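Below is one structure, written out as structure tokens; the observations come after it.
Just so we're clear, the structure is a prediction, and the values are computed from it rather than from any experiment. Nothing fancy with the numbering, it's 1 onward along the sequence.
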Amino acid sequence: MKKLWSGRFQEKTAGIVEAFTESISFEKRLWRYDIAGSIAHATMLGRQGIISREDSEKIVDALKEIAGEIESGKFRFREDLEDIHTNIETALVKKIGPSGKKLHTARSRNDQVALDLRLYVRAEIGEIESLIKYFQKKLVNGAEQHIDSVMPGFTHMQRAQPILLSHHLLAYVEMFQRDRERLMDTLKRVNVLPLGACALAGTSLPIDRDYVAKLLGFDSVAENSMDAVSDRDFGIEFLSDASILIMHLSRMAEELVLWSTEEFSFIELPDAFTTGSSIMPQKKNLDVAELIRGKAGRVYGSLISLLTTMKGLPLSYNRDMQEDKAPIFDAVDTVKTCLSVIGEMFPHIRFNKSRMSDTASAAYATATDVAEYLVRKGIPFREAHETTGKIVLHCLENKKNLSELDLAEFKKFSPLIGSDVYKYLNAENSVRAKRSKGGTSPTQVKKQLKRLRGILNS
Ligand code: ARG
């Protein structure tokens with residue numbers, strides 16, 4: 001097959017070079033965007049009189065036909081045609097002859113590939129955003145169901161203070177909300193039209209870039225042609241967003257793994273969402289959660305890969321930039337699968353409420369409540385902390401829980417302690433008292449729930 005650049009060349013490209021430089025094998029998924037971009041470009045060329053209206057229409061019709069062939073699986077992609085752009089342009093010329101050869105007027109593959117990738121990332125941001133939202137809704141439903149379930153909250157992996165399970169679940173909803181916001185913010189910088197930069201310098205032909213931007217739904221046009229073809233920040237930004245998102249998923253996955261252990265016994269999953277061991281018959285593993293946790297490494301890898309590809313590149317386009325696609329595609333696929341699977345799995349989680357609330361009440365989880373009780377009696381917090389610490393030590397030495405101390409024992413530590421202290425020693429009451437804004441009391445959590453429901457239904 002004759003190359004796009006055959007005029008200046010006398011020798012055939014070596015097979016090994018063809019195989020090494022091709023990108024069609026992994027970028028086929030860009031076809032839809034490549035064709036959409038070409039249709040807009042051809043329409044603009046016809047409107048500007050750069051090519052005839054007739055040629056423009058012929059090109060647009062043939063491109064639509066090609067899209068239909070690809071969609072139905074009839075189209076044969078050829079590796080000797082290097083990339084998606086050449087595959088489609090070649091099919092076009094084959095269909096309509098010389099008119100097809102006019103499509104690449106005032107365009108280069110450098111601005112074309114930037115365009116395709118921006119259109120792709122834009123579409124995938126939309127998909128990912130709605131998958132996150134779907135999962136957030138499942139989490140909010142879970143929080144609603146467990147509005148009264150108390151569990152221990154942890155710091156340093158040590159039981160810290162009682163909290164509501166719903167509060168814990170809504171913490172993740174907040175994290176995923178930021179993920180969605182980040183993606184939406186990135187979209188502003190993705191949704192900029194690079195086309196019309198041509199190879200790097202722009203063109204002497206009278207193109208209308210604003211019109212193309214309008215046709216393709218771009219908010220703005222890249223202002224500098226050099227930057228337009230050199231920039232992959234939008235991809236890096238997307239990968240950063242994806243990395244933060246998968247980090248959140250991974251933290252949640254880690255908690256699920258932990259909570260499903262016999263030692264915690266906070267949750268259980270049905271057989272359909274777990275896997276067994278080939279040697280230990282008693283085992284039921286949370287491989288799904290472990291894989292989500294594991295895949296975080298892969299998405300971070302994609303981010304580092306693209307950052308590293310770009311770090312040494314002089315302006316403008318360099319072939320290194322072809323290496324942008326694999327990491328972006330892989331990150332897209334990975335976060336989408338992880339979101340889908342966790343979204344399906346989450347409603348099947350059975351929370352062991354009694355176990356959670358027993359652990360929340362045991363030991364000294366309400367010690368901070370005692371300290372705050374003393375503060376309300378007029379004792380400076382530092383002293384209240386010290387006194388409560390001594391009470392806990394006394395309990396430890398006497399193998400008692402806080403609630404097992406009698407009033408006389410309490411009074412030895414502070415005469416200000418009265419019989420009303422006992423109501424602060426119970427996990428439910430402790431939680432109920434955390435009425436500060438954003439705190440774990442049912443009143444606050446209900447407010448958070450309402451707010452989040454509102455956001456998710458909008
Ligand atoms: N396959 C190339 C890429 O992905 C397309 C642009 C090719 N441009 C060029 N001058 N060889 O970046």
Worksheet item: Do Asp219 and Lys188 meet the salt-bridge criterion of a basic N to acidic O distance under 4.0 Å?
Response: no
Discussion item. Quick check on salt bridge (charged side-chain N to carboxylate O under 4.0 Å, His left out): which of Arg298, Lys295, Arg29 does Asp333 satisfy it with?
Written reply: Arg29
Worksheet item: Closest approach of Phe351 and His146, non-hydrogen atoms and distance?
Response: CD1-NE2, 3.4 Å
Worksheet item: Would you call Lys377 and Asp420 a salt bridge, taking side-chain N to carboxylate O under 4.0 Å as the test?
Response: yes
Worksheet item: Is it true that a side-chain atom of Gln136 and a backbone atom of Val173 form a donor plus acceptor pair closer than 3.5 Å?
Response: yes
Discussion item. If only side-chain N and O atoms count, and only distance matters, is there a donor-acceptor pair under 3.5 Å linking Arg180 with Gln177?
Written reply: yes
Worksheet entry | Check: Met184 main-chain N/O paired with Glu129 side-chain donor or acceptor under 3.5 Å | no
Worksheet item: Looking only at atom types and distance, does a side-chain atom of Glu79 sit under 3.5 Å from a main-chain N or O of Glu22, one as donor and one as acceptor?
Response: no
Discussion item. Tell me if the centroids of the rings in Phe26 and Phe329 come within less than 6.0 Å of each other.
Written reply: no
Practice prompt. Heavy atoms only: give me the nearest Leu215-Ala40 pair and the separation to one decimal.
Written response: CD1-O, 3.8 Å
Worksheet item: Is the backbone N or O of Pro327 less than 3.5 Å from a side-chain atom of Asp330, with the two atoms forming a donor-acceptor pair by type?
Response: no
Discussion item. Check for me whether Arg118 meets the cation-pi criterion with Phe218, that is, NZ or CZ under 6.0 Å from the six-membered ring centre and within 45 degrees of the ring axis.
Written reply: no
Discussion item. Quick check: closest heavy atoms across Leu63 and Ser38, and the distance to 0.1 Å?
Written reply: CD1-CB, 3.6 Å
Worksheet item: Any ion pair linking Arg209 and Asp111 (charged N to carboxylate O, less than 4.0 Å)?
Response: no
Worksheet entry | Glu386/Lys390 under salt bridge (charged side-chain N to carboxylate O under 4.0 Å, His left out): CA gap, chis, key distance, verdict | CA-CA 6 Å; Glu386 171 87 18; Lys390 285 183 181 149; 3.6 Å; yes
Item to complete: Heavy atoms only: give me the nearest Lys411-Pro415 pair and the separation to one decimal.
Response: NZ-O, 3.3 Å
Atom pairs and distances, donor-acceptor, side-chain atoms in residues 247-258, under 3.5 Å, two or more places apart:
from, atom 1, to, atom 2, distance (Å)
His248, ND1, Asp179, OD1, 3.3
His248, ND1, Asp179, OD2, 2.7
Glu254, OE1, Arg293, NH1, 2.4
Glu255, OE1, His168, NE2, 2.6
Glu255, OE1, Tyr172, OH, 2.9

Response to the item:
Nearest heavy-atom contact between Pro152 and Ala360 is N-CB, 3.6 Å
Discussion item. Side chains of Ser240 and Arg182: any donor to acceptor distance under 3.5 Å?
Written reply: no
Discussion item. Could you work out, with side-chain hydrogen bond (donor to acceptor under 3.5 Å, both in side chains) as the rule, every residue matching Asp233, not counting sequence neighbours?
Written reply: none
Item to complete: Please identify each residue that fulfils side-chain hydrogen bond (donor to acceptor under 3.5 Å, both in side chains) with Glu71, with sequence neighbours left out.
Response: Arg32
Practice prompt. Check whether any side-chain N or O of Arg189 sits under 3.5 Å from a backbone N or O of Glu237 as a donor-acceptor pair, and report yes or no.
Written response: no
Fill in: Set of residues satisfying side chain to side chain contact (heavy atoms under 4.5 Å, CB included) with respect to Ala14, sequence neighbours excluded
Ile16, Val17
Worksheet item: Is the Phe264 to Phe154 ring centre distance short of 6.0 Å?
Response: yes
Item to complete: Output all residues satisfying side-chain hydrogen bond (donor to acceptor under 3.5 Å, both in side chains) with Asn457, sequence neighbours left out; order by chain, then residue number.
Response: none
Practice prompt. Report the residues that fulfil side-chain hydrogen bond (donor to acceptor under 3.5 Å, both in side chains) with Asp369, sequence neighbours left out, ordered by chain and then residue number.
Written response: Ser430, Lys434
Worksheet entry | Asn426 side chain vs Asn429 backbone, donor-acceptor pair below 3.5 Å | yes
Discussion item. Please check: side-chain N/O of Ser361 versus main-chain N/O of Ala427, any donor-acceptor pairing under 3.5 Å?
Written reply: no
Discussion item. Tell me if a side-chain donor or acceptor on Tyr422 pairs with a main-chain N or O of Leu407 at a distance below 3.5 Å.
Written reply: yes
Worksheet item: Does the Asp231 side chain pair with the main chain of Asp227, one donor and one acceptor, at a distance under 3.5 Å?
Response: no
Discussion item. Under a 3.5 Å cutoff, is there a donor and acceptor pairing between the side chains of Glu268 and Asn352?
Written reply: no
Worksheet item: Okay, side chain of Arg232, backbone of Thr309: is any donor-acceptor separation there less than 3.5 Å?
Response: no
